[in-house]
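Worth saying up front: this structure is predicted, and the values here are computed from it rather than measured. Residue indices begin at 1 and follow the sequence shown.
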Amino acid sequence: MNTTFFDLLWQLKQELELKGADTIDMPTFIEDLEYRRQVLKNIDLKTLNPAYRQILPELLEGSKLDITRQVRTLPPVKKPRAGGPVHTVESGRKGPGIMTGVFIVLFLLVGVAALVELTGDKVASDLVSTAGIKGGAQEPVDETSVPTALVSAVATLAAAGSGGAEATVPTETLFRLHGSNTIGETLAPELLKAFWRQQGAQSVRVEQSAVEVERDILFSLPGKTALQRVELKAHGSSTGFKGLLSRDADLAMASRRIKDKEKTRLAPLYGDLSSVRTEHVVGMDGLAIIVHPRNPISSLSTAQLARLFAGEIRNWKQLGGLDEPVRIYSRDENSGTWDSFKSMVLKKHGVKLAATARRFESSMELSDRVSQEQGAIGFIGLPYVLRAKALAVADEEGALPVFPTTFTVSTEDYPLTRRLYMYEPMTLSLNSPAHQFISFVTSEEGQDIVRKSGFISQNIQRIQPVLSDELPQEYLALTQGGNRLSLNFRFNSGTFDLDNKAQRDLERVIRFFEKNPGQRAFLIGFSDSTGQPEHNRKLSLQRAQIVRDQLLARGINVAEVHGLGALAPVASNATAAGRERNRRVEVWVRGNTQDRTQAAR
């Protein structure tokens, strides 16, 4: 069967990263020969699937890659059946069937040796080529000695099967991380690799299991004889909490906040998992609405999205698009991405997902299918847009559509923004590897890994946004000449208490001002539209004053505080979730007089 050269390159990227390569920048990999050579230099190419080995010469030579052409791909290697024994320090057992495999290989090699004797060096040379063994700049391979060398290798396998040292290397499981596929597919492996390398680990690699969304991160630590292991299972957000309940997981990943019923069920075992000490925002993500790249539609409201995914709009021409039937793609029931979409779009407008929708466990597979089908529409985490087209989204009819960007997601102004979480039981020791990993993830260095993985870091950036003339003049006058920080302070529902993310963001704001002396902060508070306008102004000013007091207590001087009430909403006031998003405090900064004079020059 055939595929495009680009598809094969994308699969190769995933394969290389699973074998321990750092995150590969695909555009650079395609365009830069030296970058390709450097990436491939650090990988044992003989271990690659033959489908990838066939294109290695083209990747290593200097000609420009034609990523649109068709190439032949080989059938995938059959994965081992799930359910085999797990090697741990406790069990120390060897997997079954090693000796059987050795005898089969010996039998085949006897046939190879006989074939070489009968047909000569040409067949031996072909066998070497097929196996992917390259001489390169090394000494030429003596083809006539290949059978002897292969038999020698099998003898080594036989020794391992009969009790050799390699087969009995113990494995120590440090912790188990279960839950969200959005986090677990790409972000969690990168965070785990970076953390353990920081801890001095060597030979860090990701090993794929027989189940697509289950992997092990394996490495060696100084002073440890056992191979170290972190178990990673990414079957969906709800499975993380189920794993905690059954004690099969130590940390839970979720692309939506823990539900009340999950919190209640887990509280007797682990304490309050919604507290600031147990609930950790590990990054931000925009729930991107994706269509085929040639779809002329560029923006939709959440009401239109609800009708599309409910099957009420069946053809794109009903929205001014092409005469093309709508094909619906959705994440599966266990997915936090699905929970977020259902809450922010379907439930908000009182509809259910169409029965004809195709469901996917893998984010990448869903995105790939949408990018190939003219009438397709789907929803996905922002890093998985890939070759599809992301639409701007308006929270309600007539509102300004907002594209999912780093800034609009980090400030949560994009209507389909969500927070990504890891939940840490209160029972975990502060010295445990799991707690130390969580501390790394929320640190500045960990958030840099979040950014490099395609998600939105919580590290603060200073932005000079382009403000629409449609915004209130009072707001435009206040912000003129200022820069906005890439966060908003928000509050627990119905209270004046900063939520968990806001409490941690206070420390990030402090680090920003430590690195940027001479900046003066000013705060602008907002409310929802419920109640009288004057009362809403007082509420919004009170929220801004609470943030001011928290910053003053940490040594940060706030020059101005303003309350604008219900002006400049970022979400619909018709829903509880929208009203909660509108109750916020923006942080703006201006430099001193000297800085402004230099900027004017």
Side-chain angles (χ1 to χ4, degrees), residues 276 281 284 407-414 417 419 458 460-465 467-468 471-514 516 518-573 576-592:
V276 70
V281 177
M284 306 295 293
F407 182 73
T408 61
V409 171
S410 61
T411 59
E412 301 179 271
D413 290 346
Y414 174 63
T417 294
R419 300 173 178 185
Q458 296 175 93
I460 294 176
Q461 302 295 320
R462 177 175 49 189
I463 306 293
Q464 189 166 24
L467 300 179
S468 169
L471 289 167
Q473 287 302 309
E474 186 178 359
Y475 179 66
L476 294 174
L478 283 174
T479 58
Q480 185 175 9
N483 293 315
R484 187 175 167 190
L485 299 191
S486 59
L487 81 164
N488 283 330
F489 284 103
R490 285 190 164 83
F491 300 79
N492 289 323
S493 181
T495 74
F496 286 100
D497 299 325
L498 291 172
D499 68 16
N500 291 343
K501 182 181 187 306
Q503 292 184 53
R504 295 183 183 277
D505 281 343
L506 286 169
E507 303 304 317
R508 295 186 174 103
V509 171
I510 291 168
R511 288 199 296 269
F512 170 83
F513 282 103
E514 287 174 346
N516 297 272
Q519 298 293 308
R520 297 181 304 128
F522 63 104
L523 307 175
I524 305 177
F526 297 89
S527 72
D528 60 48
S529 62
T530 305
Q532 295 299 316
E534 192 57 36
H535 179 63
N536 288 335
R537 276 188 176 265
K538 290 180 180 178
L539 290 176
S540 64
L541 180 60
Q542 189 175 350
R543 290 191 177 94
Q545 289 170 337
I546 288 170
V547 175
R548 176 201 61 190
D549 293 344
Q550 291 288 341
L551 292 175
L552 287 174
R554 291 163 173 80
I556 304 301
N557 184 39
V558 178
E560 305 170 38
V561 178
H562 304 276
L564 296 186
L567 297 183
V570 295
S572 170
N573 281 301
R579 291 190 294 273
E580 190 167 332
R581 288 181 57 220
N582 286 331
R583 299 191 288 264
R584 69 196 189 279
V585 175
E586 295 180 357
V587 185
W588 291 74
V589 295
R590 291 193 185 96
N592 56 35

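Two residues are said to be in side-chain contact when any heavy atoms from C-beta on lie closer than 4.5 Å; F512 and V589 meet this criterion. Proximity of L567 to R537: side-chain heavy atoms (C-beta onward) are separated by under 4.5 Å at one or more points. Taking 4.5 Å as the limit, some side-chain heavy atom of N557 sits within range of a side-chain heavy atom of L552. Taking 4.5 Å as the limit, every side-chain heavy atom of L541 sits out of range of all side-chain heavy atoms of K538. In this structure the side chain of L551 never reaches within 4.5 angstrom of the side chain of F513, judged on heavy atoms. Looking at E586 and Y475, their side chains come closer than 4.5 Å, going by heavy atoms from C-beta outward. Under the 4.5 Å side-chain criterion, counting only non-hydrogen atoms from C-beta, Q461 is not in contact with F407.
Judged purely by atom type and a 3.5 angstrom limit, N488 uses its side chain to pair as donor or acceptor with the backbone of T411. Distance alone, capped at 3.5 Å, is enough to place a donor-acceptor pair between the R581 side chain and the E412 backbone. When atom types are taken as modelled, the side chain of R554 and the backbone of Q550 share a donor-acceptor pair closer than 3.5 angstrom. Judged by distance alone, with hydrogens and angles left aside, the side-chain atoms of D505 form no donor-acceptor pair with the main-chain N or O of R508 at under 3.5 Å. Panel note: side chain R584, backbone R490; no donor-acceptor pair is recorded below 3.5 Å. For the pair N582 (side chain) and A571 (backbone), a donor-acceptor distance under 3.5 Å is present. Without hydrogens or angle criteria, Q458 side chain to V281 main chain gives a donor-acceptor distance under 3.5 Å.
Of all heavy-atom pairs between L471 and A568, the closest is CD2-CB, 4.2 Å. Nearest heavy-atom pair across S540 and S527 is CB-N, 3.9 Å. Between A566 and S529, the shortest heavy-atom contact is CB-CA, 3.8 Å. Of all heavy-atom pairs between V570 and D413, the closest is CG1-OD1, 3.5 Å. Looking at every heavy atom in both residues, Q503 comes nearest to V276 through OE1-CG2, 4.2 Å. What you find for G482 and R590 is that their closest heavy atoms are CA-CG, 4.0 Å.
I460 CD1 to E507 CD: the interatomic distance, rounded to the nearest 0.5 Å, is 10.5 Å. From L539, atom CG reaches atom CZ of R583 across 9.5 Å, with rounding to the nearest 0.5 Å. With rounding to the nearest 0.5 angstrom, the CG atom of L467 is 5.0 Å from the OG1 atom of T479. Note that CE of M284 and CZ of R419 are 5.5 Å apart. Values are rounded to the nearest 0.5 Å. Rounded to the nearest 0.5 Å, atoms CD (Q542) and CZ (F496) are 4.0 Å apart. The distance from atom CH2 of W588 to atom CG of N483, rounded to the nearest 0.5 Å, is 8.0 Å.
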| Worked verdict on V547 versus V558 for side-chain contact (heavy atoms from CB on, under 4.5 Å) | CA-CA 10 Å; V547 175; V558 178; over 6 Å; no
| query | Does the side-chain contact (heavy atoms from CB on, under 4.5 Å) test come out yes or no for F489 and I546, once each step is laid out? | reply | CA-CA 10 Å; F489 284 103; I546 288 170; over 6 Å; no
| query | So L523 and V587, side-chain contact (heavy atoms from CB on, under 4.5 Å) or not? Walk me through it. | reply | CA-CA 5 Å; L523 307 175; V587 185; 3.9 Å; yes
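Between the side chains of R462 and Q519, at least one donor N or O lies within less than 3.5 Å of an accepting N or O.
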